[in-house]
Novice: 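What follows is a structure written as structure tokens; I'll ask about it next.
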Amino acid sequence: MFQSKTERQNEIEMVTIEELVPEDHLLRKIDQYIDFSFIPEKVRPYYSEDNGRPSLDPLVLFKMMFIGYIYGVRSERELERQIQTNVAYRWFLGLNLTDKVPHHSTISWNRRTRFKDTDIFQEVFDEIVLQAMNHRMVSGRVLFTDSTHLKANANKKKFSKQEVEVETVDYLEDLEEAVRKDREDHEKKPLKEKEGVKKTKEIKVSDTDSESGYLYRENKPEGFFYLDHRTTDLKHNIITDVHVTPGNIHDSRPYLQRLDRQIERFGFEVEAVGLDAGYLTNPICHGLIMERGIFGVIAHRRYQSKKGLLPKWNYAYDEERDEYVCPQGEVLSYSTTDREGYRHYKSNPENCADCPLLAKCTQNKKYQKTITRHVWESSKEKVRLNRLSNEGKWIYRMRKEKVERSFADSKELHGLRYCRLRGKENVREQALLTAACQNMKKIALHLSRVR
């Protein structure tokens with residue numbers, strides 16, 4: 001028999017909020033397995049003990065932000081509205097059905113004032129990683145690193161061009177020492193001290209978010225972006241490091257510094273790393289192989305030679321004699337080492353003048369072939385051999401299943417595709433808390449299964 005229910009919205013029922021939240025709800029698992037007791041102690045120095053109005057419980061404040069990042073709620077105003085009607089959110093925050101939801105401006109006020117110029121979000125992220133380590137979900141032995149672009153909250157057509165100073169690379173002192181020693185070993189005179197001429201370059205600076213960087217790369221979107229540099233652990237794909245830079249910074253620039261930060265902060269004993277082709281640079285290969293003794297696996301990047309000329313790999317390097325041999329058997333002997341760390345090997349023009357491969361070998365009018373080899377080139381060659389080994393192939397295959405999947409989850413499920421706010425520190429907060437919430441989910445879901 002057809003029956004229509006009458007309106008029952010005004011009926012009174014005896015019910016507790018505890019009964020309304022499903023037993024297998026994600027927030028129940030997070031509340032059960034994640035210890036948030038560290039948050040009040042971390043933020044205590046930023047609050048006054050005996051002055052001002054009573055503050056919102058900082059634990060409630062951070063849990064509100066966690067809800068926003070877990071469920072990809074992009075607006076704090078929208079977050080307030082959803083908490084108003086979502087029983088599970090209220091339960092997680094410790095609010096009853098009739099309690100007033102904290103105003104959305106409380107989050108932005110704390111960000112702009114109380115937590116400005118602090119490392120509180122980095123500390124929260126680190127504490128979650130430490131909890132994952134306590135649950136034996138992080139080994140710290142094999143790490144994967146990559147970066148992804150985050151669209152800045154800025155119009156790519158509104159910019160000005162500025163001349164800026166080129167930053168000095170971190171490894172400059174080590175490179176200068178390597179060049180000095182190499183020239184000394186080859187009985188060459190030391191290079192004259194270079195005059196302190198500062199290099200500059202012209203860049204596009206956004207009118208709306210001046211701290212973002214203009215991204216212009218092949219197979220990448222063009223415009224103002226930030227880069228989220230992320231490291232994940234092999235064991236359970238827990239994110240162990242997050243670092244944000246403008247979009248015009250190369251992936252390899254902050255890598256070794258961030259790797260050292262993880263080793264120092266978490267006591268990792270790193271045995272191997274898996275990286276994309278963008279990290280295949282001489283300084284990174286040298287820093288991994290020679291300085292840190294880490295088994296580096298980096299994707300291959302083949303450099304294109306000039307059209308019609310023989311590629312460099314056709315010339316064999318003899319390490320014992322420190323010379324190159326061309327396909328015709330002629331020797332290219334060491335000549336010098338320049339400031340950039342490249343050794344120059346040159347052929348004998350008299351032998352090359354009548355060579356049948358001269359047209360494919362060089363366009364030099366003096367019939368002299370020159371090949372350059374970096375002082376740290378041997379480290380890069382070892383990395384190439386690592387990639388071709390069975391262990392290397394497995395590590396690189398796991399890289400895309402770990403760190404790239406982590407990025408995909410953060411963009412598809414947690415709203416990290418776009419920057420909510422402007423400014424590097426605000427984007428850093430978004431990236432750190434998104435990663436922290438991803439780690440919370442992994443910890444809670446894993447422990448709920450095994451227990």
Side-chain angles (χ1 to χ4, degrees), residues 5-115 120-121 123-125 127-128 131 413-415 420 429-430 433-434 436-445 447-448 451:
K5 291 185 178 180
T6 58
E7 294 182 358
R8 304 178 59 187
Q9 287 91 336
N10 293 324
E11 291 184 5
I12 298 177
E13 295 185 51
M14 297 294 292
V15 65
T16 64
I17 194 171
E18 181 74 21
E19 298 175 80
L20 300 177
V21 182
E23 289 295 328
D24 61 346
H25 198 282
L26 174 61
L27 292 180
R28 275 193 181 274
K29 296 176 182 178
I30 291 177
D31 187 72
Q32 179 180 358
Y33 294 110
I34 303 298
D35 181 9
F36 294 111
S37 61
F38 67 90
I39 290 179
E41 294 304 316
K42 290 286 184 184
V43 301
R44 188 179 297 277
Y46 310 124
Y47 286 82
S48 174
E49 295 288 348
D50 54 6
N51 278 320
R53 297 170 58 190
S55 67
L56 172 67
D57 184 352
L59 188 55
V60 174
L61 172 67
F62 274 86
K63 281 189 172 183
M64 286 180 66
M65 290 191 283
F66 294 155
I67 290 173
Y69 288 112
I70 289 171
Y71 293 100
V73 184
R74 294 192 59 192
S75 164
E76 290 160 2
R77 194 182 297 269
E78 176 64 22
L79 176 61
E80 180 188 350
R81 286 195 290 263
Q82 291 197 21
I83 294 173
Q84 181 72 36
T85 58
N86 193 302
V87 177
Y89 293 177
R90 283 179 168 271
W91 177 90
F92 185 64
L93 295 176
L95 302 177
N96 289 325
L97 291 172
T98 57
D99 286 344
K100 186 177 180 181
V101 178
H103 198 267
H104 63 85
S105 63
T106 307
I107 299 176
S108 57
W109 185 89
N110 278 275
R111 178 190 301 109
R112 293 193 314 268
T113 57
R114 194 187 308 278
F115 301 137
I120 185 61
F121 302 112
E123 292 178 26
V124 170
F125 172 82
E127 285 293 332
I128 300 300
Q131 289 190 32
L413 305 178
H414 303 280
R420 300 180 181 179
E429 174 203 329
Q430 182 181 354
L433 292 187
T434 299
C437 290
Q438 285 183 261
N439 286 344
M440 291 180 201
K441 282 176 60 177
K442 284 188 177 296
I443 295 170
L445 293 174
L447 295 180
S448 66
R451 295 184 180 181

Novice: Nearest heavy-atom pair of Phe125 and Ala436: which atoms, and what distance?
Specialist: CD1-N, 3.9 Å

Novice: Got a donor-acceptor contact below 3.5 angstrom from the His414 side chain to the Ile70 backbone?
Specialist: yes

Novice: Testing the basics here: between Arg420 and Gly68, what is the closest heavy-atom pair and its distance to 0.1 Å?
Specialist: NH2-O, 3.5 Å

Novice: Could you tell me whether the side chain of Ile67 reaches within less than 4.5 Å of the side chain of Leu93, counting heavy atoms only?
Specialist: yes

Novice: Could you work out, with salt bridge (charged side-chain N to carboxylate O under 4.0 Å, His left out) as the rule, every residue matching Lys442, not counting sequence neighbours?
Specialist: none

Novice: If you define the side chain from C-beta out and look only at heavy atoms, does anything of Phe38 sit under 4.5 Å from Ile128?
Specialist: yes

Novice: Would Leu26 and Leu445 satisfy side chain to side chain contact (heavy atoms under 4.5 Å, CB included), going step by step from the backbone distance to the final call?
Specialist: CA-CA 8 Å; Leu26 174 61; Leu445 293 174; 4.0 Å; yes

Novice: Taking all non-hydrogen atoms of both residues into account, name the closest pair between Pro102 and Val60 and its distance.
Specialist: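 That closest heavy-atom pairing would be CG-CG1, 4.2 Å.
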
Novice: Thr85: what forms a side-chain hydrogen bond (donor to acceptor under 3.5 Å, both in side chains) with it, not counting sequence neighbours?
Specialist: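 Thr85 satisfies side-chain hydrogen bond (donor to acceptor under 3.5 Å, both in side chains) with no residue once adjacent residues are dropped.
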
Novice: Grab the two heavy atoms, one from Met65 and one from Leu433, that are nearest each other, plus how far apart they are.
Specialist: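 Taking Met65 first and Leu433 second, the nearest heavy atoms are SD-CD1, 4.2 Å.
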
Novice: Please name all residues satisfying side-chain hydrogen bond (donor to acceptor under 3.5 Å, both in side chains) with Glu78, sequence neighbours left out, ordered by chain then number.
Specialist: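 Arg81, Gln82.
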
Novice: What's the shortest heavy-atom distance between Leu79 and Ile107, and which atoms?
Specialist: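 What the structure gives for the nearest pair is CD2-CD1, 4.0 Å.
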
Novice: Do Asp31 side-chain atoms and Leu27 backbone N/O form a donor-acceptor pair below 3.5 Å?
Specialist: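 No.
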
Novice: Donor-acceptor check, side chain of Asn96 to backbone of Thr98, threshold 3.5 angstrom: yes or no?
Specialist: no

Novice: Apply salt bridge (Lys or Arg N to Asp or Glu O under 4.0 Å) to Lys63 and Asp57, showing your working.
Specialist: CA-CA 10 Å; Lys63 281 189 172 183; Asp57 184 352; over 6 Å; no

Novice: For Glu18, enumerate each residue passing the salt bridge (charged side-chain N to carboxylate O under 4.0 Å, His left out) test, keeping only those at least two apart in sequence or located in another chain.
Specialist: Arg28

Novice: Applying side chain to side chain contact (heavy atoms under 4.5 Å, CB included), can you list everything that pairs with Pro22, at least two apart in sequence or on another chain?
Specialist: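 Testing Pro22 for side chain to side chain contact (heavy atoms under 4.5 Å, CB included), a comparison that skips the adjacent residues, returns Asp24, His25.
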
Novice: Return the set of residues passing salt bridge (charged side-chain N to carboxylate O under 4.0 Å, His left out) with Glu127 (not counting sequence neighbours), or none when no residue passes.
Specialist: Lys42

Novice: Checking Leu20 against Leu97 for the side chain to side chain contact (heavy atoms under 4.5 Å, CB included) test, could you report, in this order, the C-alpha distance in whole Å, the side-chain angles of both residues, the deciding distance, and whether it holds?
Specialist: CA-CA 10 Å; Leu20 300 177; Leu97 291 172; 4.2 Å; yes

Novice: CD1/Ile34 to CD1/Ile443 distance, rounded to the nearest 0.5 angstrom?
Specialist: 4.0 Å

Novice: Would you please name every residue forming a side-chain hydrogen bond (donor to acceptor under 3.5 Å, both in side chains) with Asp35, sequence neighbours left out?
Specialist: Ser37

Novice: Can you list everything that forms a side-chain hydrogen bond (donor to acceptor under 3.5 Å, both in side chains) with Ser105? Sequence neighbours excluded, please.
Specialist: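 Listed in chain order: His103.
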
Novice: Listed by chain and number, what are the side chain to side chain contact (heavy atoms under 4.5 Å, CB included) partners of Glu41, not counting sequence neighbours?
Specialist: Arg44

Novice: Salt bridge (Lys or Arg N to Asp or Glu O under 4.0 Å): which pairs involve residues 104-114, sequence neighbours left out?
Specialist: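 Matches after skipping sequence neighbours: Glu76-Arg111, Arg111-Glu429.
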
Novice: Pairs in or reaching into residues 91-100: which pass salt bridge (Lys or Arg N to Asp or Glu O under 4.0 Å), with residues at least two apart or in two chains?
Specialist: none

Novice: Could you note down all residue pairs passing ring-ring contact (aromatic ring centres under 6.0 Å, His included) where residues 55-93 supplies at least one of them, sequence neighbours left out?
Specialist: Phe36-Phe66, Phe62-Phe115, Tyr71-Tyr89

